[in-house]
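As a basis for the values below, the full set of heavy atoms in this structure was taken, side chains included, without hydrogen atoms, waters or symmetry mates.
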Amino acid sequence: MDYQTVIDAATWAFIAKSESSYPPETASYSIDRQREIYDQMCRQFFQGYPLGVTAHDTQYGQVPCRVYPGAGPASVLYLHGGGFVVGGLASHDDVCAEIRARSGLSVVSADYRLSPEHLHPIAFDDACAVACALQGPLVLVGDSAGGNLAAATAHALRGTGVQILGQVLIYPALGGDVNAGSYLTNANAPMLTRQDVLFYKDIRHATSAPTNDPTVTPLCDPDFAGLPPTLAVSAQCDPLADDARLYAAKITAAGGQAHWTNAAGLVHGYLRARSTVPRAADSFTEIVDTIAAFANGLWPFQETP
């Protein structure tokens, strides 16, 4: 892919700002150093809270969480990205605050435990524990690794009585074939490379990642029936782009409701560019509008089951 043509000037500026504190080789550093660098980058993009938004920390299912109180018919459970290795309540603090401000809904951000100190299924168990403690109605939202956890939680909690009204997966890592499709065409994409994906894929396992466990790779689940309405968003310039597309197609094939959006010219991690890159702003608007629609039991797209 010719990134010089596909990626616009505003997005290149975002990439440059990101790499000024989070260099492309960060995945090769020690875990402690990766966390330090990631936290520094997130602070660089932190925008504060919109007027009227507050937050407090508590626990759900014995998992530390940050709650952004709102109103409405459902709550949002947000699961942050970071390759299962970095990130936490601070890294996506302003993203969650803005979702709360623009949707009006209460948002709960889960501080699930990270690898490699806590191997699979700990992060997955934490995500499910929060969802079960909240009970619902819920809209599950996650980006990158958090998108994986959101999808895995939706699969695992089908039929349990936890009311999940929808899920919004933002450039999720869902276990696609790393030797095909976007993993090859975007192998050297800005912000996330195929080599980065391979590192993070195995780090939450004692050896290599299993290939047939839906709690690890939701795309391998043989049963896609009964899943909640889904928006799966990919970034065009991202090795993970095909995961969102394939996941949405599997839900549709199983008779469910799913919509795939491929955010043109955008790169992994573009949520942090939502105030400086028009394309990212447009995508974030679609994300928040869809969260609000799902919370109200609405399907905002034209596709039919």
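Both Phe46 and Tyr22 are assigned to one and the same hydrophobic cluster, defined by single-linkage of ILVMFWY side chains at heavy-atom distances under 4.5 Å. Both Val85 and Tyr29 belong to a single network of hydrophobic side chains, linked directly or stepwise wherever heavy atoms of I, L, V, M, F, W or Y lie under 4.5 Å apart. Ile122 and Ile31 end up in different hydrophobic clusters when Ile, Leu, Val, Met, Phe, Trp and Tyr side chains are linked at under 4.5 Å. There is a path of hydrophobic side-chain contacts, each under 4.5 Å, that joins Ile99 to Phe294. Hydrophobic clustering places Val277 together with Val233 (ILVMFWY residues linked when any side-chain heavy atoms are closer than 4.5 Å, directly or through intermediates).
Applying the salt bridge (Lys or Arg N to Asp or Glu O under 4.0 Å) test to Asp202 and every residue at least two apart in sequence or in another chain returns nothing. In this structure, the ring pair (Phe, Tyr, Trp, His ring centres under 6.0 Å) partners of Tyr112, at least two apart in sequence or on a different chain, are His80. For Ala129, the side-chain contact (heavy atoms from CB on, under 4.5 Å) partners at least two apart in sequence or on another chain are Val63. Glu25 pairs by the salt bridge (Lys or Arg N to Asp or Glu O under 4.0 Å) definition with nothing, not counting sequence neighbours. Legend: residues meeting salt bridge (Lys or Arg N to Asp or Glu O under 4.0 Å) with Glu286, ordered by chain and number and at least two apart, are absent. Applying the side-chain contact (heavy atoms from CB on, under 4.5 Å) criterion to Ala55, with sequence neighbours excluded, gives Tyr49, Arg66, Tyr68. Among residues two or more places apart in sequence or in another chain, the ring pair (Phe, Tyr, Trp, His ring centres under 6.0 Å) test is passed with His120 by His205. Contacts of Asp242 classified as salt bridge (Lys or Arg N to Asp or Glu O under 4.0 Å), with partners at least two apart in sequence or in another chain: Arg245.
Taking CZ from Arg100 and OG from Ser109, the interatomic distance works out to 15.0 Å, rounded to the nearest 0.5 Å. Of the inter-residue distances, the one linking Thr58 atom OG1 with Tyr60 atom OH reads 6.0 Å to the nearest 0.5 angstrom. The OG1 atom of Thr5 lies 12.0 Å from the CG atom of Asp8; values are rounded to the nearest 0.5 Å. For the atom pair CD1 of Ile291 and CZ of Arg102, the computed distance is 10.0 Å after rounding to the nearest 0.5 Å. Note that CG of Leu79 and OG1 of Thr153 are 6.0 Å apart. Values are rounded to the nearest 0.5 Å. Separation of atoms CD (Gln236) and CG (Leu266) is listed at 8.5 Å; rounding is to 0.5 Å.
Inter-residue side-chain proximity for Pro190 and Trp12 is flagged as met; some heavy-atom pair is nearer than 4.5 Å. Between Lys17 and Phe45 the shortest side-chain heavy-atom distance falls below 4.5 Å. The closest side-chain heavy-atom distance from Tyr200 to Ser115 is not below 4.5 Å. Side-chain contact check for Tyr3 versus Asn186: some heavy-atom pair is nearer than 4.5 Å. Between Pro300 and Asp289 there is no side-chain heavy-atom pair separated by less than 4.5 Å. Counting only heavy atoms from C-beta outward, the side chains of Pro73 and Asn296 approach each other to under 4.5 Å. The shortest distance between side-chain heavy atoms of Ile251 and Pro229 does not fall below 4.5 Å. Contact of the Ser21 side chain with the Tyr38 side chain is not registered, since no non-hydrogen atoms from C-beta on lie closer than 4.5 Å.
For Asp57 (side chain) and Val67 (main-chain N/O), no donor-acceptor pair under 3.5 Å exists by modelled atom type. Checked by atom type and distance alone, the side chain of Thr11 never pairs as donor or acceptor with a backbone atom of Ile7 at under 3.5 Å. Listed for the Arg158 side chain is no donor-acceptor partner under 3.5 Å among the backbone atoms of Leu227. A donor-acceptor contact shorter than 3.5 Å links the side chain of Ser103 to the backbone of Leu105. Not a single donor-acceptor pair under 3.5 Å links the side chain of Asp238 to the backbone N or O of Ser234. Counting only distance, with no hydrogens or angles, the side chain of Lys250 and the backbone of Leu219 share a donor-acceptor pair below 3.5 Å. Counting only distance, with no hydrogens or angles, the side chain of Gln59 and the backbone of Pro64 share no donor-acceptor pair below 3.5 Å. A donor-acceptor pair under 3.5 Å is formed between the side chain of Asp243 and the backbone N or O of Leu174.
For the side-chain contact (heavy atoms from CB on, under 4.5 Å) with Arg194, the qualifying choice from Asn179, Thr185, Asn188 is Asn179, the only one to do so.
Taking Ile, Leu, Val, Met, Phe, Trp and Tyr as members and joining any whose side-chain heavy atoms lie under 4.5 Å apart, directly or through other members, the hydrophobic cluster of Val197 also contains Val178, Tyr183, Leu192, Leu198, Leu240.
Minimum heavy-atom separation, Ser182 to Pro239: OG-O, 2.7 Å. The two residues Gln34 and Ala27 come nearest to each other via the heavy atoms NE2-O, 3.2 Å.
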**OP:** Determine, step by step, whether Ser106 and Val76 satisfy the side-chain contact (heavy atoms from CB on, under 4.5 Å) criterion, reporting the C-alpha distance in whole Å, the side-chain angles of both residues, the deciding distance to 0.1 Å, and the verdict.
**Re:** CA-CA 6 Å; Ser106 292; Val76 177; over 6 Å; no

Original post:
side-chain contact (heavy atoms from CB on, under 4.5 Å) between Leu114 and His118: does it pass, once the steps are laid out?
Top reply: CA-CA 6 Å; Leu114 301 175; His118 304 285; 5.6 Å; no

**OP:** In sequence, state the C-alpha distance, the side-chain angles, and the governing distance for Val141 and Leu77, and then conclude on side-chain contact (heavy atoms from CB on, under 4.5 Å).
**Re:** CA-CA 6 Å; Val141 184; Leu77 172 54; over 6 Å; no

Original post:
Going through the checks in order, is the salt bridge (charged side-chain N to carboxylate O under 4.0 Å, His left out) test met by Arg35 and Glu117?
Top reply: CA-CA 13 Å; Arg35 289 173 181 162; Glu117 297 91 336; 2.7 Å; yes

Original post:
When you look at Val267 and Ile15, which way does the side-chain contact (heavy atoms from CB on, under 4.5 Å) test go after all the steps?
Top reply: CA-CA 8 Å; Val267 294; Ile15 293 167; 4.0 Å; yes

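Sorted by first and then second residue, the pairs that involve residues 258-274 and meet salt bridge (charged side-chain N to carboxylate O under 4.0 Å, His left out), not counting sequence neighbours, are Asp94-Arg274, Glu98-Arg274. Listed by first then second residue, pairs satisfying side-chain hydrogen bond (donor to acceptor under 3.5 Å, both in side chains) with a partner in residues 139-150 read Tyr78-Asp143, His92-Asp143, Ser144-His268, Asn148-Arg204, not counting sequence neighbours.
No side-chain donor-acceptor contact under 3.5 Å links His56 and Thr54. At a cut-off of 3.5 Å, with distance as the only test, no side-chain donor of Asp32 or Ser30 sits close to an acceptor on the other residue. Side chain to side chain, Ser283 and Tyr270 meet the donor-acceptor criterion of an N or O pair below 3.5 Å. Between the side chains of Asp196 and Thr193, a donor-acceptor pair is found at a separation under 3.5 Å.
Taking the six-membered ring for Trp and the full ring otherwise, the centers of Phe301 and Trp299 sit less than 6.0 Å from each other.
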Tell me which donor-acceptor pairs under 3.5 Å the side chains of residues 163-171 have, and how far apart each pair is, sequence neighbours excluded?
{"residue": "Gln167", "atom": "NE2", "partner": "Thr230", "partner atom": "OG1", "Å": "3.0"}
{"residue": "Gln167", "atom": "NE2", "partner": "Tyr247", "partner atom": "OH", "Å": "3.0"}
{"residue": "Tyr171", "atom": "OH", "partner": "Leu271", "partner atom": "N", "Å": "3.3"}

